[in-house]
Amino acid sequence: MPDPHAPDHSALLRRSIEVITGNQHPSGAYPACPEYEVYRYSWLRDGSFVAEAASRAGAAGSADAFHRWSAKVLTDRSARIEKLVAAVRRGEQPAEGDRLPTRYTLEGEDTGEVGWWDFQLDGYGTWLWALTEHLARHQGDHAPYREAVRLTIGYLAASWATPCYDWWEEYADQVHGATLGAIRGGLHAVRASGMAASVGLDDVCADTVDAIDAMIEERGLFDGHLAKWLGSKQVDGSLLACLTPFGNVPLDGPVARATVHAVELDIAQPGGGVYRYLGDTFYGGGQWPVLAGFLGWHYARTGRRDDALRELDWIAAQATAEHLLPEQAPGVRLQAPRRLPEWEERWGPNATPLLWSHAMYLILADELGVTP
Ligand code: BGC
């Protein structure tokens, strides 16, 4: 007898691809969420994972378009990047305006908006990683991307140790574990693919990866697990990406095991779902489908298939009747329910559909061989 409560993965998988390709701008950019005023921009963090999902799920052309858009965003800013890299080489502090933002208009322009939590480095590392995965999967040509990759490596090598906003656009005065992890993941990926060597920056990547590893070992661990920021005792859901997919540490080694254990103890829920971190108050501080996706992805890679399937089912259970996935799960226990109204009044209901949520669902389904 079919289980009447079983999630309809088939419908949600099909809808997820539609949401991603249907909302892609002709430029190639993906908006974070088309229905949510302040998310009608393209973030490199969200977009890179969305492109990874498209690349896996039969929409390689969509991923190509996103990567071409990203490469243009970077090469259009080559003067700014070269200026920053040269300033750092001279031992100077780069000018605020020479740093790259975290998000762009869908046409690839700076948003010009003052006051957004804009200086974030992780998206550039994630882009290098997603580009490498995509080109390897589809035997794509490296040549059109070399200049953008060269600029990105230079930018990250010059900036990686600078405090910046984290994945959640918070705590700008810290150096975050997940930011370092994304940068390391991207630099490692372009080395392994030979792209770093082809632009003459293999040594720069290797030195930066080593320096990040040394920094993590010295200040980025607490109680054996990766820490939210250097010197912090807390864990954060974004750290899961340092394990899978970025592979910063061996997946069966002590740091990965301790990090998953800390996540399970503090922020993951036994029935599925993950909070960002303890003490989160954004929209009341609920559970995030994207993080259930990362946890499931890691479970899938480490032989915990049933746990991975539970996260996949949990994500599917957060979809609306129209098969749309939100940024935060509806109807779960919030950490700070009294803080929900202030965000709803400011920006409206929780962002839906969030393309990144759909992307993580597609990636996890692909890892598990769940098809429409
Ligand atoms: C999240 C970011 C995300 C952005 C767009 C923010 O609220 O904290 O991680 O990139 O929304 O989805």
Side-chain angles (χ1 to χ4, degrees), residues 16 19-20 23-25 29-53 66 70 73 100-106 111 113 115-127 129-130 164-172 174 176-179 181-183 228-229 236-242 246 267 274-277 279-295 315 318 324-329 334-336 339-340 342-344 346-361 363:
S16 292
V19 166
I20 287 173
N23 284 298
Q24 186 169 28
H25 190 267
Y30 298 114
C33 172
E35 305 299 334
Y36 189 81
E37 186 69 37
V38 290
Y39 285 6
R40 289 185 189 139
Y41 296 96
S42 188
W43 272 254
L44 282 191
R45 171 179 44 254
D46 300 43
S48 299
F49 288 114
V50 173
E52 171 66 9
F66 172 76
S70 305
V73 158
L100 298 175
T102 187
R103 54 175 207 163
Y104 297 90
T105 68
L106 301 181
T111 64
E113 194 183 358
W116 193 264
W117 305 275
D118 230 356
F119 176 47
Q120 296 168 41
L121 294 165
D122 62 281
Y124 295 89
T126 304
W127 179 66
W129 168 83
C164 68
Y165 287 103
D166 64 8
W167 275 37
W168 316 127
E169 329 209 291
E170 296 177 335
Y171 305 106
Q174 303 293 343
H176 300 92
T179 303
I183 296 172
K228 186 167 166 67
W229 60 69
D236 186 289
S238 59
L239 291 165
L240 288 165
C242 301
F246 297 136
I267 51 177
V274 185
Y275 292 102
R276 297 196 299 184
Y277 58 91
D280 186 9
T281 58
F282 181 57
Y283 276 82
Q287 296 164 26
W288 283 52
V290 295
L291 291 178
F294 280 104
L295 182 59
I315 299 173
Q318 312 315 316
L324 299 177
L325 287 171
E327 180 177 64
Q328 289 197 33
L334 297 177
Q335 297 188 61
R339 303 293 300 275
L340 175 61
E342 74 191 64
W343 290 101
E344 289 185 328
R346 186 166 170 191
W347 285 339
N350 178 5
T352 311
L354 191 83
L355 270 65
W356 189 13
S357 296
H358 284 280
M360 295 309 299
Y361 172 73
I363 292 171

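Each ligand, and each atom within it, is numbered from 1 in the order the structure gives.
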Indicate the ring-plane relationship of Y104 and Y124, choosing parallel, tilted or perpendicular according to the 30° and 60° boundaries. perpendicular

Applying side chain to side chain contact (heavy atoms under 4.5 Å, CB included) to Q335 and not counting sequence neighbours gives Y275, L278, D280

Mind checking whether W288 and W168 have parallel, tilted or perpendicular rings, split at 30° and 60°? tilted

Between L354 and ligand 1, find which residue part has any heavy-atom pair under 4.0 Å and reply side chain, backbone, both or neither. side chain

Classify the contact between R276 and ligand 1 as side chain, backbone, both or neither, using a heavy-atom distance cut-off of under 4.0 Å. side chain

Spacing of E37 atom CD and R346 atom CZ [to the nearest 0.5 Å]: 13.0 Å

Within the structure, does Y39 bring an N/O atom to less than 3.5 angstrom of an N/O atom in ligand 1? yes

Are any of the N/O atoms on W167, whether in the backbone or the side chain, positioned under 3.5 angstrom from an N/O atom of ligand 1? yes

Between F246 and F49, what is the ring plane arrangement, given parallel below 30°, perpendicular above 60°, and tilted in between? tilted

Check whether any N or O atom of E169, backbone or side chain, sits under 3.5 Å from an N or O atom of ligand 1, and answer yes or no. no

Below 4.0 angstrom from a heavy atom of A32, which ligand 1 atoms are there? Numbered from 1 as shown, please. 5 (C), 12 (O)

Minimum-distance protein heavy atom relative to atom 8 (O) of ligand 1: W168 CA, 3.3 Å

Please work out whether any backbone atom (N, CA, C, O) or any side-chain heavy atom from C-beta onward of E327 is under 4.0 Å from ligand 1, and answer side chain, backbone, both or neither. side chain

Note the single closest protein heavy atom to atom 3 (C) of ligand 1, along with its residue, its atom name and the distance in Å. D46 OD1, 3.6 Å

L325 backbone acceptor or donor facing H358 side chain under 3.5 Å: yes

Pair W343-Q328, side-chain donor/acceptor within less than 3.5 Å: no

Partners of E327 by salt bridge (charged side-chain N to carboxylate O under 4.0 Å, His left out), sequence neighbours excluded? none

Which atoms of ligand 1 are found less than 4.0 Å from any heavy atom of W356? 9 (O)

Ligand-residue contact atoms, ligand 1 with R45, heavy atoms, under 4.0 Å: 2 (C), 3 (C), 9 (O), 10 (O)

